[in-house]
There are 2 protein chains.
Amino acid sequence: VKVSDVGERAIVEFARRICKSGPRVKVGIGDDAAAVDIDGKYLVATTDMLIARTHFPKGTTAAQMGLKAVVVNLSDIAAMGAEPLGLIFSVGLPRTLSVRFVKDMIRGMDRTARSYGAYVVGGDLDESGEIIIAGAAFGLAKKGRLLTRSGARPGDLIAVTGELGAASAGLKILLDKIPVKGYERLVRAQLEPRARVKEGLALANSGSVTSAIDTTDSLAANAWQVSRTSRVKMIFDHEKLPINHVVKKFSRSRGLNVDDFALFGGEDFELLFTVRLSGWKKVQRASRRLGTAVTLVGRITKGRGVFIKRRGEIKNLPDRGYEHFV
Amino acid sequence: VKVSDVGERAIVEFARRICKSGPRVKVGIGDDAAAVDIDGKYLVATTDMLIARTHFPKGTTAAQMGLKAVVVNLSDIAAMGAEPLGLIFSVGLPRTLSVRFVKDMIRGMDRTARSYGAYVVGGDLDESGEIIIAGAAFGLAKKGRLLTRSGARPGDLIAVTGELGAASAGLKILLDKIPVKGYERLVRAQLEPRARVKEGLALANSGSVTSAIDTTDSLAANAWQVSRTSRVKMIFDHEKLPINHVVKKFSRSRGLNVDDFALFGGEDFELLFTVRLSGWKKVQRASRRLGTAVTLVGRITKGRGVFIKRRGEIKNLPDRGYEHFV
């Protein structure tokens, strides 16, 4: 049986079963990040690897590679409701790469990390056939304020920060070499994403958010992860989804299905979260203070699975999105 | 100018200059691990990437790959005098790799981590052309007890844990396909190294150790790093070096220079440390309690550079060892 036969999720599940947990391990394998009890607080840690061939569309600049390596890791810290502290990077570089490129990449890392109040504090360097950036980020979460994938409960509301679909539409434009004119925002969302760090902290501090995950794989695939881990049913309302309006325009003009970006496209790095009914007003106030939109997109009920309501009909939402073994 | 023209050390130095430090960053780029102040303690974090082609000689088993990925990271935590807590891994796998292999690798990680009181708590999975294991480890160090590369002072003694040369002699045996009979210990030192975690903690707790580094690159290369960072002169005594006796036998029987393993061979993962004269007895007692040999191998004086005394003559010790851009 080969790795490609079973896929990424099955291997993560093997790892979750094999790796024993320790007395201080609050959250182990299978969430956005791990959380370890360090007396009074949780140390939150995550790692994400980017490999040039798979993760960086042609034309990605060195600085954008550095930026993205920081953002993918901080997004996981954000989804735990933690404050990021530092980042470390293991970098594999081809011998023939220019030193200028490497410096630009490091500058991109440094600038991006600091824009979130975090710092690049260490690394390791190796020779490799293509550019590989394996990052790890760590931060701190307050006890009782940690956001996981497992806390959603029947009666909770489902909400999402920002807008959906821009990053994957941008990727389509780059991969299919579609003229960028008019779609600059989409391409930028793909090449220079942002992590919802302040938002994650605010959601955690509200005390009313019951679960959170970042939309790395896709709204649908990440919702399925929450549904499985929390053992609840999620029902989305298609009309309410905050789909980026440039994505709508792009889809219309090209005869593409907007859902392929908004529901099944990855890398928006928004926070998909659930909140107690009684806490929604508080979350709205916090989001206004930060100037970040939060939109109610559905609700949690008893049961299992992820569904979507569209024109009065409720249908199953396929568990589909970016996976690294396809 | 290409990456291969300037080499690993120059790029690390660029990164050290580019990446700004933050108020909580006690140790940034350029030591065995980073240390960040988290109120009362230091959070210590490190990352090390292993790429199959470069790091795993043919015949390395899946479990040994997992073991080594843990050990290289915990060795850096040990060299800071920190207590390890957790490990996270970004793993790149070829699609055609067998699932059994992957499970064995994860089992090797889990078992090894737990043997040091640490846990595998998270990871990321990607498709790649060859096996890549980028690990990160984190732990805690007490304030005032952190071991860095920069604290060596004139008058200090230089010491090393364990023995020298076995891992690189083992690598030579594997690469040159030399019959293993009689040299099993050397091959094992290469494929199943140990990290000096308890020893690092004991050295830190002694309060007399002024600097430490793990011998990943080679005794010579790692000594040069201490000399440069601490701005001191290091003088080793060749007669006193605890060279593994099987390495001596192997070198004699093959007409090889034992120094190529003991001084310039990497991956022994011993701790090379400096200690105040007044603290040596205390360090000896601690090492006896742990059952790990510590050997005095030289002394620190004013000046710069690394030297070695042999048959009454003091010569410059070349800054040579494993580097990943050669």
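Source: prediction; values computed, not measured. Per chain, numbering begins at 1; letters A, B, ... match sequence-line order.
At least one side-chain heavy atom of A:D126 sits less than 4.5 Å from a side-chain heavy atom of B:H55. Looking at B:F138 and A:V36, their side chains come closer than 4.5 Å, going by heavy atoms from C-beta outward. Residues A:C19 and B:I106 have side chains in contact (heavy-atom distance under 4.5 Å, counting atoms from C-beta outward). B:S4 places none of its side-chain heavy atoms less than 4.5 Å from the side chain of A:T96.
Interface residue A:R53: only side-chain heavy atoms are found under 4.5 Å from chain B. A:D76 does not touch chain B: none of its heavy atoms, backbone or side chain, sits under 4.5 Å away. Of the two parts of B:D5, neither the backbone nor the side chain holds a non-hydrogen atom closer than 4.5 Å to a non-hydrogen atom of chain A. In this structure, the portions of B:R107 lying under 4.5 Å from any heavy atom of chain A include both its backbone and its side chain. Using a 4.5 Å cut-off between heavy atoms, A:I18 touches chain B through backbone and side chain atoms alike. No part of B:R17 comes within reach of chain A, as not one of its non-hydrogen atoms sits under 4.5 angstrom from that chain.
Of the inter-residue distances, the one linking B:I29 atom CD1 with A:F89 atom CZ reads 9.5 Å to the nearest 0.5 angstrom. Atom OG of A:S98 and atom NZ of B:K2 lie 7.0 Å apart (nearest 0.5 Å). For the atom pair CG (B:D124) and CG (A:D48), the distance works out to 4.0 Å, reported to the nearest 0.5 Å. Note that OG of A:S21 and OH of B:Y119 are 7.5 Å apart. Values are rounded to the nearest 0.5 Å. Atom CD of B:E8 is separated from atom CD of A:E127 by 10.5 Å, given to the nearest 0.5 angstrom. Atom-to-atom distance recorded for A:M49:CE and B:L125:CG is 8.0 Å, nearest 0.5 angstrom.
Per-residue counts of heavy-atom pairs under 4.5 Å with chain B were compared for A:T47, A:D31, A:I88; the largest is that of A:T47. Taking B:G122, B:A134, B:G22, B:A136 one by one and counting their heavy-atom pairs under 4.5 Å with chain A, the maximum is reached by B:G22. Residue with the most contacts toward chain B among A:M109, A:E130, A:R114, A:R111: A:R114 (heavy-atom pairs, distance under 4.5 Å). For the options A:V1, A:V120, A:V99, A:V6, heavy-atom pairs under 4.5 Å to chain B are most numerous at A:V99. When each of A:L50, A:V102, A:I38 is checked for heavy-atom pairs under 4.5 Å with chain B, A:I38 comes out on top. Interface remark: of the candidates A:V12, A:L140, A:I51, A:L43, A:L43 forms the most heavy-atom pairs closer than 4.5 Å to chain B.
Taking all atoms of both residues into account, the shortest heavy-atom contact from B:D110 to A:K20 is OD1-N, 3.0 Å.
Under the 4.0 Å criterion applied to side-chain N and carboxylate O atoms, B:R24 and A:E83 are assigned as salt-bridge partners.
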